[in-house]
Amino acid sequence: MPIEGRPSPPPLRFTLVLIVSILIIAHLILEKALEVAFEQPPRVEKHQIQSARQLIGMVQQALSSDTAIAESPNAEQIIRMQGADSNVEFLALLNQRGEIVFSTKNTDKMQPANEVITDFDADAYQQAKSEQRMVIDKSPSGKSITLYAPLSPSGIANESKPGQSDVLYLNYDLVRAKRDALRENLALSNWLSQTAILILSAVLIIYLLNHWVAEPLRRIGKTVSRVAKGDIGVATGFQGSSELALLGMGVDSMSREIDASKSALVQANLELEKRVNERTEHLEREIRYRRNLERALRIHERQMQTVFNTVSEGIALWDAEGRLLYANPGFKKLLCMEQFGCSVGFGENSIKLVTEDGDPLSLAEFPITKTLSDLKAREGVIIGIEQPDSGQRWVTINVIPVTEVKGGAVTGIVSSVSDVTDLKYHENQLDQMAHFDALTGLPNRRLLHDRMQQLVENTRRKGRILAVCYLDLDGFKHINDTYGHKAGDGLLVEAASRFVNCVRAGDTVARLGGDEFVILLANIEDETECESILNRVLSSLSNPYTVAGNIESGITVSAGITLYPADNRDPDTLLRHADQAMYAAKRSGKNRYHWFDPNLEQRLLARNDSLNDIARALSQREFVLHYQPKIRCHDGAVVGAEALLRWQHPVLGTLPPAHFIPLVEEHDIALELGRYVIQEALVQARAWLQQGHFLSVGINIFARQLQQPNFAEELEHTLNQIKTGQRFSIDLEIVESAALEGIRDFPALVRRCEAMDVTFSLDDFGTGYSTLDHLRRIPAQSLKIDRSFVNDLLSNSEDRILIEATIGLGRAFGRKVIAEGVETEEQLRWLRAAGCDEMQGFLFARPMDSMAFLNWLQQYRPSTGWFDS
Amino acid sequence: MKYTRPLVLDESALTGVEEIDHQHQHLLNLINHTHLSLLKNGSPVNTRSLVRELLGYSIYHFNTEESLLKQYATTEEEKAEADKHISQHRLFSQRVVLLQEKLVRRQFIDTDELLSFLTGWINDHVLLTDKALAGLILDRQKSES
């Protein structure tokens, strides 16, 4: 706080000294003035001397009337009286001998004057005595005068004898006298000046005291009172070391201190206020929260009350002594408290209680009663109560002792009672629903699983066989799509009943859902027994159904079977395996069953391995072509050769196609192998041409190759790469002609190939799937009679008839006929006679590699005996 | 046509070479199924696919065994045994190929004769020939390790 520049009060001791000094100075001034007044003017001294003369004259007069002065007691009295005058220093009556007769002092009677009186002037005394006149002697200091006056008894000086008279001695104090005189003379002015000086001094002192003491004190007082009132920043502003300055500074410092404390206090106040506000806010929040809570609680309580009042469950509270504290309407109703007017509703002879199993239950056994006595919780106890108005009701009762703290003493008991009559009623239905299919009434997946577990266990123990059959209806989706789900459901019910009719008593038929069923055949002897049952199932299920008034005959069933313990797995896996087998059955044409192969993985592994092996063999060029010549029946000339594939297996040796072709037929690697064969055969044909042999090359192709949409383009491309400009012909031999049905426009393909000098043969004609119908539909240029007919033709007349018929067909349709497997001369002769066009077989040559074939070709001459006619 | 119980690979038929035993088990299953299919006059497609499987698997299996033979048969005596072993394989394959061809041509198949061959072959082969091979393999593997 800035301190104003204020005159600081002087030190008190200075003030005091000053005041004392003033007093002293005033005093001195007064003294001086008095002194001046005494000393001057001379008129005053003259007046003094006059006074002394008058005094001494009065004494002369008084004494002179007496005749004998010395004896006069009067005289002594008079002198003594005169001695009372303050200015009279010493008054004495001296006798003629110069001795003191009387004096103002009694002690010196009859003493010589010059001994007693110090300034006694013997000359003046002699003079006064002798001259009879008054001598005045003035002391050198001027302070007193000494008067010597002659005293005669007549009072007339001249009458007395000169030099015989007494002398009066008077020492008169001039100063005292002067003062007295001044007092008298200057009484008024003296008083006035004294008064003035005193007033001035007083004023000065007052002013000083006021200015230097009172004012600062007031200031300090004011400051203190302002500070006390709480004015901030007031200060006396005093500086210095004087007492008041120190006091002021002390006050200032106190003020500052208070100020600082006040600021701190204000700060603290603010802080406190802030905290108070925060706390208040917090409290308000808390209050709001609590209010809300209270409200929520109230609402909750109301809700709970409402809930308790409206729930059908019965809820009751009891104290630890078993007195009923509260029971909601539900409780009262369920336990018939109103009807019987007693606390729990079942006094003696009131309502009948039964246990869950239907046995009578005494009141003492009632769970609430029991808990009230033993304080143990009871939950989910099901009790039947015979109620007077609504008959038998089933309730589930929970009784729970309540403790204030966990594990503490029981303070009460809560009991709840729910009506589970409907639940109980539905329990059987639920049980039914849980285990049986709602539509067909057959066991469902859950029950099936249970049964399977039992059966697997039994089968294992008894060392029997359990067949798990997974069945799926074929064509069911069509029924659903065409006639709707209701009709489909009807069909499922019918199918279910057929299943049940086909199996033995004790076998399980279950529905898994949709059109999937499972049959468990327990205790079967062997697969035959299982199959006979399945055949019955298949044939029964494939009978026509009446669906929505229509006869539907397309519904069949596909089944997959797995046998336990051959497939030694858990029920779920057994089901899955049977399911897999069922899919295999579906894939291979439906309306059949498939056995699950427990070693499917091994099988797939083997198949993969074989395919990998063949792929490797292709890249390693392990596949080679052997050639078997085709001989013209007419003249025995070599007109062509059939290329036959051989696998020069590194381990197994040379394998004929029958050993490995079946493995690749259904796989795309067949295409690669087929391409390889065509390529190799064409290269060989070109080589022969270049060596001067024009031979038609017969190439066996896979049906799969022909099914490729770009087969013709690819063949043309290969031909263009190989061709040398000279024409050579190719004959594509088709084994599985049935597969050609899958080709959209086979005749067009044949025509396109003809343009490239590529012809087709139907291989193995007459066997298997090569039927007359194929001959009509497939425009192949040649028919190859299968070796099996040729082998037996001499001994088997049927074969001969077949061959003749084939040759006849070939002629009729304009097809060339080629006989395979000709091994004897007799066969040759017969075939020639029958009109066969060409032949091949061991009689002429076995299949040979290209080198051997060429050698054979160069050495070949038709046997003269065979072709002479 | 009489029914015979399916073949079972029991303890006595195990060679001790795990790979071979696995393959035998599978070969046996295939024979059983082929057997069953032929016996029940099952669909030709089904039977053919089974026979094809059998053929393919026998090639796979023989490949395994013959590779092992080539690897382990070192002495003249062992090589002579190996040749016999291989010829048994060829005989089996031929019969299966013949079966396959007959199925393709829809010729008569003497099922009883075929099955007795197959079961006889597999019994003899597995119990005698392959056990000898396994003995040789295990012996060599032991001496190698």
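Lettering of chains follows the sequences in order, A, B, ..., and the numbering in each one begins at 1.
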>> Sort by residue number and list every residue of residues 67-75 of chain B having at least one heavy atom under 4.5 Å from chain A.
In response: B:Ser67, B:Lys70
>> Other residues, nucleotides and ligands only: do more than 12 of their heavy atoms fall within 6.0 Å of CZ on B:Arg90?
In response: yes
>> Quick check on B:Ile59 against chain A: is it the side chain, the backbone, both or neither that has a heavy atom closer than 4.5 Å?
In response: both
> What do you reckon, is CD of B:Glu113 surrounded by more than 12 foreign heavy atoms closer than 6.0 Å?
Replying inline: yes
> Which residues in residues 92-102 of chain B have any heavy atom lying under 4.5 Å from a heavy atom of chain A?
Replying inline: B:Ser93, B:Gln94, B:Val97, B:Gln100, B:Glu101
>> Report which part of A:Pro656 has an atom under 4.5 Å of a heavy atom belonging to chain B: side chain, backbone, both, or neither.
In response: neither
> Between B:Gly56 and A:Ser610, which heavy-atom pair has the shortest distance, and what is it?
Replying inline: O-OG, 3.9 Å
> Checking heavy atoms, do the side chain of A:Arg787, its backbone, both or neither come under 4.5 Å from chain B?
Replying inline: side chain
>> Within a 6.0 Å radius of atom CD on B:Glu77, are there more than 12 heavy atoms belonging to other residues, nucleotides or ligands?
In response: no
>> With side chain to side chain contact (heavy atoms under 4.5 Å, CB included) as the criterion, how do B:Asn63 and A:His649 come out once you've worked through the C-alpha distance, each side chain's angles and the decisive distance to 0.1 Å?
In response: CA-CA 9 Å; B:Asn63 194 2; A:His649 196 281; 3.4 Å; yes
> Looking only at heavy atoms, which two atoms of B:Leu55 and A:Pro662 are closest? And how far apart?
Replying inline: CD2-CG, 3.7 Å
>> Using 0.5 Å steps for rounding, measure from the CG atom of A:Leu652 to the CD atom of B:Glu65.
In response: 10.5 Å
